[in-house]
There are 4 protein chains.
Amino acid sequence: MKYSTGKETKRKIIDATFQLMADKGFDALSIDDIMTSIGRTKGSFYVHFKSKEELLYEVMRTRLDRGHGQMAEEILKELSKDNCNVRAILERVTDEIHSSSGQNRLTWAFAFYHLLIHSRKNEFVREWLESNEDQWSNFLRMIVKRGQELGQIRTDVDTQTITNMCMAIVVGYDILFMLNPQIDFSEVNHIHDWMFVNDQNPKNEG
Amino acid sequence: MKYSTGKETKRKIIDATFQLMADKGFDALSIDDIMTSIGRTKGSFYVHFKSKEELLYEVMRTRLDRGHGQMAEEILKELSKDNCNVRAILERVTDEIHSSSGQNRLTWAFAFYHLLIHSRKNEFVREWLESNEDQWSNFLRMIVKRGQELGQIRTDVDTQTITNMCMAIVVGYDILFMLNPQIDFSEVNHIHDWMFVNDQNPKNEG
Amino acid sequence: MKYSTGKETKRKIIDATFQLMADKGFDALSIDDIMTSIGRTKGSFYVHFKSKEELLYEVMRTRLDRGHGQMAEEILKELSKDNCNVRAILERVTDEIHSSSGQNRLTWAFAFYHLLIHSRKNEFVREWLESNEDQWSNFLRMIVKRGQELGQIRTDVDTQTITNMCMAIVVGYDILFMLNPQIDFSEVNHIHDWMFVNDQNPKNEG
Amino acid sequence: MKYSTGKETKRKIIDATFQLMADKGFDALSIDDIMTSIGRTKGSFYVHFKSKEELLYEVMRTRLDRGHGQMAEEILKELSKDNCNVRAILERVTDEIHSSSGQNRLTWAFAFYHLLIHSRKNEFVREWLESNEDQWSNFLRMIVKRGQELGQIRTDVDTQTITNMCMAIVVGYDILFMLNPQIDFSEVNHIHDWMFVNDQNPKNEG
DNA sequence: GATGAATGAGGGTTCATTCAT
DNA sequence: GATGAATGAACCCTCATTCAT
């Protein structure tokens with residue numbers, strides 16, 4: 001049909017952009033590319049967005065945010081229990097990160113790291129990414145700290161460093177994955193074999 | 001320096017491009033930007049390069065290659081000794097990676113990950129990166145394997161996975177570093193505290 | 001009001017256009033600007049006008065016409081009297097010109113001279129302006145001629161030239177006014193001090 | 001020839017713009033229009049100007065400035081003489097205004113009044129016009145004042161007002177001329193017949 | 001009457017590339 | 001080697017206009 005609802009077209013534009021920016025990056029993506037890919041003409045883009053930049057922000061908010069909001073509360077409640085299994089919690093979080101990026105993890109990864117690169121020249125994007133990372137960092141640190149308090153996580157390395165290592169290995173696997181999509185992403189959890197003290201350690205990779 | 005020609009201007013172009021592409025990325029960089037920054041005019045670019053793409057390849061070869069060639073031979077010789085200290089070797093390799101990126105690590109990181117992103121749409125770049133990664137992967141695996149043979153590295157996780165983890169944590173710290181340049185890059189080595197078996201583990205700095 | 005239809009929205013559109021075109025000119029004015037300013041949306045513009053051009057003509061007719069029709073008859077009757085005071089009549093006409101442009105003289109002036117400029121590329125506008133000017137010219141010439149016949153206006157310069165001078169000084173003050181809105185528009189009448197013969201010249205206001 | 005000197009092309013662009021903006025106005029003029037009219041393509045415009053706006057300023061400076069600088073000094077010297085003929089001086093100034101607008105007075109007038117209109121939305125243009133007008137106003141006032149001091153110009157109207165009237169009538173004739181190019185522009189000088197006291201008034205040409 | 005999605009032409013601007021000088 | 005004028009394609013964005021709802 002020639003006339004769709006605004007909401008639908010807007011969603012299509014965001015979806016298409018997310019897909020396409022994984023390949024070419026946001027800058028190299030033309031509005032014509034986007035609109036043609038959804039069967040519309042260039043001019044009508046501006047019915048839905050004030051500018052290309054606004055589109056980027058929308059894509060960030062709706063497609064690239066590895067938000068943990070929904071999960072966070074449950075986790076915090078779980079953590080406060082005396083007998084909580086911190087390793088199980090941590091692995092749940094890692095899984096969530098994977099699955100939250102949607103079915104097409106590679107697409108997500110390229111789009112996301114495009115954004116990281118883009119942040120160098122766009123303050124707004126940079127702040128958004130920093131805040132994103134802060135949230136994750138704080139969230140993870142809380143878990144690690146609790147693990148150490150409960151004697152489940154080793155204490156030979158300090159809390160912040162362990163947190164950084166966890167984050168680094170997750171994003172590092174993103175990068176390896178982009179270079180070689182055959183990599184088994186679940187390997188990430190092996191670091192837990194070392195991080196957690198032995199008697200806590202019955203699990204042996206998936 | 002590994003410049004293939006002795007031409008001074010050509011070298012200047014490559015250096016300037018490497019510096020500038022960290023900020024804006026290669027695509028967003030215009031030939032005018034580059035040539036102006038070295039006090040020349042646009043037209044003379046084509047005296048030195050057939051195209052902008054060729055320039056990218058030249059930058060890759062001379063500035064973004066985390067080559068390990070020089071070091072590799074020495075390492076292999078060292079590894080073959082009966083009493084070699086694998087942890088020391090590994091840390092030397094990690095240090096080399098850091099320092100090989102030059103004084104300005106952040107510049108290097110942005111430029112390199114620009115390239116990674118760029119690889120999605122450029123076969124040549126993709127192959128170059130894959131080959132780059134293969135070399136490193138093979139090299140590291142050799143070291144890890146030797147460490148396991150000698151009983152210095154734990155064997156509860158298989159060789160390839162440990163290799164991947166080492167690589168992931170190195171590139172992961174690159175990414176964290178891009179998000180937050182205050183991060184202490186030497187933390188990377190803490191994974192060795194866990195990876196190596198205890199009596200091998202005298203080092204404890206932060 | 002001289003709006004041809006009773007339609008409220010149509011009137012609003014015309015008014016808004018008149019106001020807005022003083023700032024940006026008619027060409028630079030978008031239909032979106034106009035409709036937004038009256039709290040309607042772009043699409044409904046075409047319920048009221050066939051095209052943007054038609055709107056211009058409507059604005060011309062209803063807001064930019066310095067028509068003298070109403071006044072003309074009275075003046076003619078007055079002029080035919082033996083003892084008529086031509087200077088008083090002329091000043092009444094001048095005042096009428098000022099006040100006919102509405103409260104916001106500056107708005108009127110910019111809009112009108114926009115139109116004059118526009119006339120260069122639009123035959124219809126040009127003809128309208130020419131006819132407008134002809135009417136005024138004829139009307140004024142009649143007054144001047146009568147003044148000369150009665151010995152009230154000097155005869156050292158011929159009728160048509162005096163008429164032109166009167167018109168020029170009126171529109172000239174429009175222009176000075178646009179450049180410097182502090183100018184005292186009533187100065188225009190000082191030319192009468194010279195134009196009329198001395199014993200006719202008791203008036204001296206500023 | 002395909003490659004001209006920059007100076008020549010720049011001049012051609014300015015000339016063409018001056019000609020074309022009389023018809024369509026500066027805004028309605030596209031860079032494509034301009035460049036096509038001089039046998040070049042749109043892209044090369046930016047070799048010569050940073051932006052379309054910069055072109056406007058250049059046209060203003062080189063084509064629309066009714067500068068009086070050259071003449072001013074001579075006039076001032078003349079004025080200081082005891083027996084100077086102020087009317088002759090004033091008529092020389094008026095003539096200069098006419099001729100300084102070049103051969104094609106109508107073109108000049110439309111371009112100039114386009115600019116005046118444009119000033120409403122461009123601060124820089126507005127200031128330029130104001131300063132332009134100030135210079136003229138000051139210059140003319142000096143002449144009028146001297147004329148009054150010497151008893152050559154009537155004193156029943158104050159200096160500033162006479163100055164304004166002179167300016168108004170000059171620009172007013174510009175406008176009449178735009179409406180009707182047949183008008184005899186030299187009529188402007190007839191106001192001098194009234195402005196100067198009688199015994200000074202031997203001149204009577206049309 | 002009004003809405004707002006869609007169109008298509010065109011505008012200013014950028015840029016890799018070519019080429020006469 | 002270097003310059004800088006010129007090209008032509010592409011880009012983001014604007015806008016008068018149309019039309020289904």
Side-chain angles (χ1 to χ4, degrees), chain A residues 1-10 12-13 27-35 38-55, chain B residues 7-10 27-35 38-55, chain C residues 7-10 27-35 38-55, chain D residues 1-10 12-13 27-35 38-55:
Chain A
M1 65 188 96
K2 191 174 170 194
Y3 290 84
S4 321
T5 67
K7 235 176 195 161
E8 185 175 331
T9 304
K10 191 167 184 173
K12 275 188 194 165
I13 292 173
D27 286 334
L29 202 57
S30 81
I31 285 172
D32 204 26
D33 288 340
I34 297 167
M35 298 310 284
I38 66 163
R40 286 284 173 279
T41 52
K42 192 161 64 153
S44 72
F45 173 82
Y46 293 89
V47 174
H48 307 285
F49 296 91
K50 276 217 306 277
S51 67
K52 198 188 174 193
E53 202 175 5
E54 206 194 70
L55 168 61
Chain B
K7 316 284 170 47
E8 178 70 8
T9 302
K10 188 166 186 175
D27 287 334
L29 208 56
S30 77
I31 286 172
D32 206 28
D33 287 341
I34 297 167
M35 298 309 283
I38 64 162
R40 284 285 172 278
T41 51
K42 199 160 57 158
S44 72
F45 174 83
Y46 292 88
V47 172
H48 306 283
F49 297 92
K50 269 211 327 267
S51 68
K52 198 187 173 192
E53 202 175 6
E54 205 194 72
L55 166 62
Chain C
K7 315 285 170 45
E8 179 70 6
T9 302
K10 188 166 186 175
D27 287 334
L29 208 55
S30 79
I31 286 172
D32 207 28
D33 287 340
I34 297 167
M35 297 310 282
I38 65 162
R40 284 286 171 279
T41 51
K42 201 160 56 159
S44 72
F45 174 83
Y46 292 87
V47 173
H48 305 285
F49 296 91
K50 269 214 322 273
S51 69
K52 197 186 173 193
E53 204 175 4
E54 205 194 72
L55 167 62
Chain D
M1 64 189 99
K2 193 173 170 194
Y3 292 84
S4 320
T5 67
K7 235 178 195 164
E8 185 175 330
T9 304
K10 191 167 184 175
K12 276 189 194 163
I13 292 174
D27 286 332
L29 204 56
S30 81
I31 286 171
D32 205 26
D33 287 341
I34 297 166
M35 297 310 283
I38 65 162
R40 287 284 174 278
T41 53
K42 188 162 69 150
S44 73
F45 174 83
Y46 292 90
V47 173
H48 308 284
F49 296 91
K50 276 217 308 277
S51 67
K52 197 187 174 195
E53 202 176 5
E54 206 193 70
L55 167 62

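Throughout, a chain's letter reflects where its sequence line sits, starting with A, and its residues are numbered from 1. What's counted below: heavy atoms across the whole structure, side chains too, no hydrogens, waters or symmetry copies.
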Subject >> Comparing D:Thr41 and B:His48 on DNA chain F - which has the more 5′ nearest nucleotide >> reply: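 Per heavy-atom nearest nucleotide, the more 5' residue is B:His48.
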Original post:
So do B:Phe45 and B:Arg40 actually touch side chain to side chain, heavy atoms under 4.5 Å?
Top reply: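 No. Closest side-chain heavy atoms not under 4.5 Å.
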**OP:** May I ask you to test the B:Ile34-B:Leu55 pair for a side-chain heavy-atom distance under 4.5 Å?
**Re:**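 Yes; the side chains approach each other to less than 4.5 Å.
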Original post:
Of all heavy-atom pairs between A:His48 and A:Glu54, which one has the smallest distance, and what is that distance?
Top reply: O-OE1, 4.4 Å
Roughly, in whole Å, what's the span from [atom1] in [X] to [atom2] in [N]?
X: A:Met35; N: F:dC11; atom1: CE; atom2: P; answer: 15 Å
X: D:Arg40; N: F:dG4; atom1: CZ; atom2: P; answer: 18 Å
X: A:Lys7; N: E:dG4; atom1: NZ; atom2: P; answer: 13 Å
X: D:Glu54; N: E:dG12; atom1: CD; atom2: C1'; answer: 14 Å
X: D:Glu8; N: E:dT21; atom1: CD; atom2: P; answer: 13 Å
X: C:Phe49; N: E:dA2; atom1: CZ; atom2: C1'; answer: 15 Å

Subject >> Pairing partner (Watson-Crick or G-U wobble, both distances under 3.5 angstrom) of E:dT7 >> reply: F:dA16
Subject >> Nucleotide opposite F:dT21 in a Watson-Crick or G-U pair, distances under 3.5 Å >> reply: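 Matched F:dT21 with E:dA2 under the 3.5 Å cut-off.
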Subject >> Single hit among A:Asp32, A:Asp27, A:Asp33 for side-chain contact (heavy atoms from CB on, under 4.5 Å) with A:Leu29 >> reply: A:Asp33
With the criterion being N/O to N/O and under 3.5 Å, what pairs connect the protein with nucleotides 13-16 of chain E, and how long is each?
residue : atom : partner : partner atom : Å
E:dT13  : OP2  : D:Tyr46 : OH           : 2.5
E:dT13  : OP2  : D:Lys52 : N            : 3.0
E:dT13  : O5'  : D:Tyr46 : OH           : 3.1
E:dT13  : O4   : D:Lys42 : NZ           : 3.4
E:dA16  : OP1  : B:Leu29 : O            : 3.3
E:dA16  : OP1  : B:Lys52 : NZ           : 3.1
E:dA16  : OP2  : B:Ile31 : N            : 2.9

Original post:
Does a nitrogen or oxygen in the side chain of C:Thr9 sit under 4.0 Å from OP1 or OP2 of E:dG1?
Top reply: no
